[in-house]
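In what follows, a structure is listed as structure tokens, so that the remarks can point back to it.
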Protein chains: 2
Amino acid sequence: MTADSETSDERSPIGAGSTELRMWVRLLGCAKIGEKRLRRNFEEQFDTTLPRFDVMAALYRVPGGLSMGALSRALLVSNGNVTSIVRQLQVQGLVQSAVDPQDARSAIVSLTKAGRARFLTLAEAHHQWIADVFRDFPPERMATLLELLTDLRSLLSKEN
Amino acid sequence: MTADSETSDERSPIGAGSTELRMWVRLLGCAKIGEKRLRRNFEEQFDTTLPRFDVMAALYRVPGGLSMGALSRALLVSNGNVTSIVRQLQVQGLVQSAVDPQDARSAIVSLTKAGRARFLTLAEAHHQWIADVFRDFPPERMATLLELLTDLRSLLSKEN
DNA sequence: CCGCTTTAGTTTAGGTTTAAAGCAAAAAGG
DNA sequence: CCTTTTTGCTTTAAACCTAAACTAAAGCGG
């Protein structure tokens, strides 16, 4: 078992040869499959979407609410994107928006009472779906994976 | 070190408590940050997009070409989605499409000569970006991560 | 006060994505 | 053959997403 006897690679110039590349492709694949599942579940069972859930989750964690910019940074999405998602949640009465008294340009968005109740329902189901997927994953391996992903994230966040 | 002494969880009903949930969130985060980087790089340096690169990569691996359906399954995206991406690549002269002699409904899409040359340029840069990101990741940890992600993917693919 | 720059958000144009509806070729079943 | 169903793909409607242009409030320097 030398360092180089994996599967193929050798002199093929491309073809997902190196370990980094395969790992990256696999990571993206896992994320994509999982997201697909979650999106379908949210759509079918609750008639909502993953991005809207993400916004609600971010707001739930901060009872005082967040500005649009803070939301955008928290969710890693563009500023303009948050605008439309928040607007939809607003139409549904799940979030409310109040002008920041310190800065009239900025609005503080927060969950309404209905929004908090709604989020708890969604989050419960969300947790259950995730737990189901990982039911057969040994806890010790899961801890290792969590640790490695944490390392990876700090690598990715560096030299952005 | 009991089974339950991680960090918080306990009776907080939500808040990304369980290990599965945190792992999942971290995985999505890594994928998102990395994709953002790649997308920006492709945009800035080559004036193209990640999905277009994905299509070209899938076609590069199969010199004989792929049908639209095969492409869609390979890339885990919807059927209709492939249509527009292939059309754009076709306009740029990077892929060509020929009617399947066995089935007149189906078209076999393949890279043109220009498309292959273009892909090699893109893939070289892509590989370099990935290698840069993982430069400081110890090879042994990378191998572990690859293995764990492979396990995870098979869990995710099951009971779809 | 008055310009200049910065900052917070929205709007716009364009690309990605899906599900659902539609279309046409193929296959199946009399 | 001819009808029905299935299958491969495209189109459409709607959501998501980004970058870039824009608006408006703050802040800063005179």
Report summary line: Rounded to whole Å, the CG-C1' distance (A:Leu71 to D:dC16) equals 16 Å
Query raised in the report: Across the strands shown, which category fits A:Leu76 at heavy-atom distances under 4.0 angstrom: base, sugar-phosphate, nothing?
Result: sugar-phosphate
Query raised in the report: Atom CZ of A:Arg39 and atom P of D:dA14: how far apart are they, to the nearest Å?
Result: 18 Å
Query raised in the report: So, for B:Phe46 and B:Phe53, is the gap between ring centers shorter than 6.0 Å?
Result: no
Report task. Mind calculating the distance between CZ (A:Phe42) and P (D:dA15) to the nearest angstrom? Result -> 17 Å
Report task. Ignoring backbone atoms, test whether B:Lys36 places a side-chain nitrogen or oxygen under 4.0 Å from the OP1 or OP2 oxygen of D:dC17. Result -> no
Query raised in the report: Does any non-hydrogen side-chain atom of B:Leu89 lie less than 4.5 Å from one of B:Leu111?
Result: no
Report task. Check every strand shown and say whether B:Ile85 touches a base, only sugar-phosphate, or nothing at a heavy-atom separation below 4.0 Å. Result -> sugar-phosphate
Query raised in the report: Between A:Lys32 (NZ) and C:dT18 (C1'), how many Å, whole number?
Result: 12 Å
Query raised in the report: Just how far, in rounded Å, is C1' of C:dA20 from CD of A:Glu43?
Result: 11 Å
Query raised in the report: Quick one: do A:Arg141 and B:Glu147 make a salt bridge, cutoff under 4.0 Å?
Result: yes
Query raised in the report: B:Glu35 has an atom CD; how far is it from atom P of D:dC16, in whole Å?
Result: 17 Å
Report summary line: note: B:Gln90, atom CD; D:dT10, atom C1'; distance rounded to Å ~ 13 Å
**Report entry** Nearest-nucleotide comparison on DNA chain D, the residue closer to the 5′ end among A:Leu50 and A:Ala104
**Finding:** A:Leu50
Query raised in the report: With no hydrogens and no angle check, is any side-chain donor or acceptor of B:Lys36 less than 3.5 Å from a backbone partner on A:Leu76?
Result: yes
Report summary line: Across all chains, not counting sequence neighbours, the side-chain hydrogen bond (donor to acceptor under 3.5 Å, both in side chains) partners of B:Glu35 are none
Report task. Spell out protein contact along nucleotides 2-15 of chain C as letters: B when the base is contacted, S when just the sugar-phosphate is, - when no protein heavy atom is under 4.0 Å; keep the 5' to 3' order. Result -> -----BSBBB---S
Query - A:Phe42-A:Trp129 aromatic ring centre distance below 6.0 Å - result: yes
Requested in this report: Please identify each residue that fulfils side-chain hydrogen bond (donor to acceptor under 3.5 Å, both in side chains) with B:Ser72, with sequence neighbours left out.
Outcome: none
Requested in this report: Round to the nearest Å and state the distance from A:Gln102 atom CD to D:dG27 atom P.
Outcome: 10 Å
